[in-house]
Amino acid sequence: MSLSTKYNPSEAESKWYDFWMENKLFSSSVDYNKEPYSIVIPPPNVTGVLHMGHMLNNTLQDVLIRKARMEGKNACWVPGTDHASIATEAKVVAMLKEKGIDKKSINREEFLSYAWEWKEKYGGIILEQLKKLGASCDWDRTKFTMDADLSEAVISVFVDLHNKGKIYRGIRMVNWDPQGKTALSDDEVIFKEIQSKLYYINYKIEGSEDETLTIATTRPETIMADAAICINPNDSRFAHLKGKKAIIPLINRSIPILEDDYVDVEFGTGCLKVTPAHDVNDYEIGIRHKLEVIDIIADDGTLNEKAQILVGEDRFIARKKIAKLLKEAGQLAKEEEYTSNVGHSERTDAVIEPKLSLQWFLKMEDITKPALTAVMDDVIALYPPKFKNMYRSWMDNVRDWCISRQLWWGHQIPAFYLPNGEYVVAKTAEEALVVANEKYGENYKLADLKQDEDVLDTWFSSWLWPISVFDPNVFATGEKNEDLKYYYPTNDLVTAPEILFFWVARMIIAGYEYMGEKPFRNVYLTGIVRDKQGRKMSKSLGNSPDPLELIKIYGADGVRTGMLFSSPAGNDLPFDEKLVEQGRNFANKIWNAFRLIKGWEVDSSIQNHQNQTAILWYESRFNQALEEIEDHFSKFRISDALMSTYKLVWDDFCSWYLEMIKPEYQKPIDLETYEKTLAFFEKIMKVLHPFMPFLTEELWHQIKGRDVKNALIVSPWPKADEYNQGMITDAAQVFEVVSQVRNIRASKGISPKEAFALTINTQSPDLYKSFEAILTKLANLESVSYGDSVEGALSFVVKSDEFFIPLNESIDVEAEKENLKKEIEYTKGFLNGVVKKLSNERFVNNAPDQVVAIEKKKQADAEAKIKTLEDSLAKLS
RNA sequence: GGGAAUUUAGCUCAGUUGGUUCAGAGCAUCUGCCUUACAAGCAGAGGGUCGGGGGUUCGAAUCCCUCAAUUCCCA
């Protein structure tokens, strides 16, 4: 068999993904003989295509799930998608517009059938793309937040919470998006600094000839909705106006002048116009003073008839026109440039209009309590833990959750309005009818009921995700099915910190409310994938590489490792294609290591004399590395786990071990070494598998033919055995000697082919004797001898041992002396510091014995080294 | 305006209770090599006042104060 010198990933990828799928190796079912390990995917939006954020996030999940599977756990990764009300509705509306269909011209049912059609066509794209990445989800379990049973779950929960009195309907000032024509939560509003103007407007005082007061406002178009003018009670400038009335310019309506602490004496003129319908703070003032609420702005952001003037004009056009009218009327005192923070819709970028509206709310005060405690007490652990702070501050200051959205795509609110003006909340219209007739003693028909037009916030369905993917019916029946009993709570959740509150916190709330139990044990928060300029990678900026294209070029394994090389938990990932290239190179390195081993001819008649030490050393080193790797995994330091694996494979296995045991060209290898080496390689395949599933499965089967049961994906994860620390330390010292010899070759321009005779002056010759064969091979020595010194030879020092290499050519004695002097000087300086420390009584008295002992050893080592160096120097002179 | 986080090599980051894991890793850079597994490679080298300043301590990247810069959350 001959293998290409370069690993070609694409063939292996499709072959092994098909193999895993056909043999159902990703699938999981209840089995009480095994420990369950479950992850629910953060369901990607049906609108999306795979981006770099998904790649990072899902690679992490796949690493975790694959490792758990190999550890013998019953690993279940549930995939699915989210219906994403606002985003999807926007896409569908845009799609219809292109077809020349206006959303307003069709009814709800027609719209929804277009939306479903759209979802069927595009909704599964991301999941298909994840397969290319190697994601080992149990695809038979794929769920969608608007599946019939999951929808029922949402409705049941709404009804239940309403019955518990936790859901209520109320008038609130909401963030209205006049373009999307929907209310947004505070978190969906992005504040931007906008250059605007502060308009100073004069209001006449009623009953006086020419007395006026001046207010400053950024929104002159709302003066028609003014309900009062407020002054600060401590502001003597305006005390005389109290109790009088002011007249709104242009429309000549008179309004009271009131006192309120809220007014900032410093800001503007110190007089505040109060417009309860169009400003959150004014609304509060309005409640305090029982002011009339005059709403002059329509849903689409134009002025309505209550404005009396400029009816039908857009709010921004009206602003300009009002300013002009005021100027003409002589009531515009001045205009001033002013920057203010203006809220914009995250989805449509429209300027948010504070608007009073009737919405559905979930009371958050009580329901959040167990969710806060769980995270604060580390019942649910956040990685990295710094997010606990953020989590707490949000939960402490949480506001009631506005759960209604003025959209069609989503779960329609199960509230039914009756002809008598009342409403009933029930799962279906039929149930609602029964309740209604009973409650009000009426004899209504189904046709008399009118269901609420709005749908629920998308997060009101995804907060149930860790429960509903296993058992959507539990909310209605209260009876847990087997899946839910077995897989819940899930183990780990991998998601982005941006949705810590939107989603993670709410899942925790729902978990405690409905299961009385946390939804997951660990939350791993990834960073944002950014480009080199630090900008978030996004399709709209065009700064994101196409993930599938990357996979094509570098291989899925290369992309996976590339993403993980530089992504500690909670830190942003500054993406650079170089990382992915490094991943590809790593795959190639492993491929070639295998080519080397596979190419050896085995001769069972040879006894293994030389390679015992190498084998023992590597065994120890492997176990030490595995212990490290496990430790990193246990702390969710996935990047570090990968880096430790990378170094184990590249440095220890390839650069050191294989070079130690490699037979001469075209010479055979002994059977024992060969078998040990293959066994080592197999262990490496196992440890690498979660990171690089395709390459490792491919090589696993190249090593020898295996059946499905023995596929790598389901092979047992290796256990870290005891290791010989002393041997690892000794080897490190020998490696240092090898490096020094190589350094001499490199700096003197001597060919690596020229063998050296090495003489060692040491107190511990046994150390070198046990590694002699290795030393000879790796440093290319013709002999190793032990002795005090060698005349006219180059020398170097490792620890307190001295090494001599005689060269055929004459050495530059002066340069050598210079080098030795430099090193002596440095070591003396180092010794000085140590001695100083040790002669400080307070150090010796206060520092722990162990620390003092270490310092004393430093002193002894340094003194020995100086002596060795000085001897060498003396011999040169 | 209130709160939090971050600042260590050219880049991205480790550095746990203050003391040998203490100044580290990977990448990048430089030098020499197409040495029969791998140039997607091998061998070697250089590179940092641990953001600035002050303090506590026998001892500070680590603890405290202060200033600065960056980022995020809330208003």
Side-chain angles (χ1 to χ4, degrees), chain A residues 3-7 186-187 191 264 280-281 341 343 384 386-394 396-399 497-498 500-501 527-528 530 532 534 554-555 558 562 565-568 570-576 578-579 581-600 628 631-632 635 637 639-640 642-644 646-647 650-651 654-655 658-659 662 664-666 729 738-753 778-780 833-834 836-855 857-858 861:
Chain A
L3 297 170
S4 135
T5 60
K6 289 193 168 44
Y7 169 56
D186 289 350
D187 311 284
F191 284 86
D264 183 349
V280 182
N281 297 309
N341 256 346
K386 66 177 178 186
F387 286 106
K388 273 169 83 172
N389 272 336
M390 266 172 71
Y391 183 85
R392 178 175 45 209
S393 70
W394 188 75
D396 280 344
N397 302 308
V398 69
R399 295 208 213 152
E498 335 167 83
L500 185 59
F501 312 134
I528 295 165
R530 297 181 182 280
K532 278 185 180 169
Y554 296 101
F565 273 133
S566 179
S567 57
N571 269 37
D572 287 357
L573 168 72
F575 183 79
D576 187 336
K578 276 259 156 99
L579 290 167
E581 196 182 316
Q582 192 188 346
R584 176 199 61 180
N585 294 354
F586 186 38
N588 197 50
K589 181 75 187 176
I590 299 161
W591 175 259
N592 276 293
F594 177 72
R595 282 182 61 225
L596 173 68
I597 299 168
K598 196 70 181 173
W600 284 332
E628 250 173 61
D631 184 56
H632 288 316
K635 292 169 181 155
R637 306 172 103 165
S639 264
D640 291 340
L642 172 61
M643 192 43 74
S644 294
Y646 180 85
K647 284 195 273 192
W650 200 309
D651 299 346
C654 295
S655 296
L658 287 180
E659 292 301 330
K662 189 164 136 184
E664 279 177 63
Y665 182 56
Q666 288 189 330
T729 312
V738 172
S739 291
Q740 289 283 1
V741 175
R742 287 171 175 170
N743 186 11
I744 284 173
R745 277 211 185 79
S747 60
K748 305 285 175 208
I750 300 166
S751 157
K753 285 171 186 155
L778 298 185
N780 189 20
V834 176
K836 217 171 167 184
K837 219 178 208 184
L838 282 168
S839 58
N840 183 336
E841 262 180 54
R842 283 190 291 184
F843 170 72
V844 180
N845 295 337
N846 292 326
D849 293 347
Q850 200 196 344
V851 174
V852 177
I854 286 162
E855 290 301 314
K857 184 166 187 312
K858 271 195 210 170
D861 287 350

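Numbers restart at 1 for each chain; the letters A, B, ... are given by sequence-line order, proteins then strands. Quick note: numbers below take in every heavy atom, side chains included, and nothing from hydrogens, waters or symmetry partners.
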Query raised in the report: Would you call the rings of A:F565 and A:Y646 parallel, tilted or perpendicular, where under 30° means parallel and over 60° means perpendicular?
Result: perpendicular
Query raised in the report: Closest nucleotide of RNA chain B for A:F586 versus for A:S739: which of these residues is on the 5' side?
Result: A:F586
Query raised in the report: Using a cut-off of 4.0 Å on non-hydrogen atoms, how would the nucleic acid contact of A:S751 be classed: base, sugar-phosphate, or nothing?
Result: nothing
Query - A:K388 NZ to B:rA5 P, straight-line distance once rounded to whole Å - result: 13 Å
**Report entry** Options B:rG44, B:rG26, B:rC38, nucleotide nearest the side-chain atoms of A:N743
**Finding:** B:rG44
Query - Selection from B:rC38, B:rU16, B:rA40 that lies nearest to any side-chain heavy atom of A:E659 - result: B:rC38
Report task. Decide salt bridge (Lys or Arg N to Asp or Glu O under 4.0 Å) for A:E659 and A:K662; before the verdict, give the C-alpha distance in whole Å, the side-chain angles of both, and the deciding distance to 0.1 Å. Result -> CA-CA 5 Å; A:E659 292 301 330; A:K662 189 164 136 184; 3.6 Å; yes
**Report entry** Separation of B:rA45 C1' from A:R745 CZ (nearest whole Å)
**Finding:** 17 Å
Query raised in the report: Given B:rA25, B:rC38, B:rG44, which nucleotide is nearest the side-chain atoms of A:A746?
Result: B:rG44
Report summary line: The nucleotide from B:rC38, B:rA37, B:rG41 with an atom nearest the side chain of A:W650 is B:rG41
Report summary line: Among the nucleotides B:rC38, B:rG26, B:rG41, whichever has the atom closest to the side chain of A:N585 is B:rG41
Query raised in the report: Is A:K589 near enough to B:rC42 that one of its side-chain N or O atoms lies under 4.0 angstrom from OP1 or OP2?
Result: yes
Requested in this report: Pick base, sugar-phosphate or nothing for A:E664, based on heavy-atom distances below 4.0 Å to the nucleic acid.
Outcome: nothing
Query raised in the report: Distance check: side-chain N/O of A:R637 vs OP1/OP2 of B:rA25, anything under 4.0 Å?
Result: no
Query raised in the report: Quick one: is A:K662 getting a side-chain N or O under 4.0 Å of the B:rA37 phosphate, OP1 or OP2?
Result: yes
Report summary line: Side-chain contact check for A:S655: nearest option of B:rU16, B:rA43, B:rA75 is B:rA43
Report summary line: Closest of B:rA5, B:rA40, B:rG26 to the A:K386 side chain is B:rA5
Report task. Look at the side-chain N and O atoms of A:R742 and state whether any lies under 4.0 Å from the OP1 or OP2 oxygen of B:rU31. Result -> no
Query raised in the report: Reckon A:Y646 touches a base, only the sugar-phosphate, or nothing at all at heavy-atom distances under 4.0 Å?
Result: sugar-phosphate
Query raised in the report: Touch check for A:R584, heavy atoms < 4.0 angstrom, all strands: base, sugar-phosphate only, or nothing?
Result: base
Requested in this report: Assign A:M643 to base, sugar-phosphate, or nothing according to its heavy-atom contacts below 4.0 angstrom with the strands shown.
Outcome: sugar-phosphate
Report summary line: Note: for A:S747 and A:D640 on RNA chain B, the residue whose nearest nucleotide lies more 5' is A:D640
Query raised in the report: Which is true for A:N588 with a 4.0 Å heavy-atom rule: it touches a base, it touches only sugar-phosphate, or it touches nothing?
Result: base
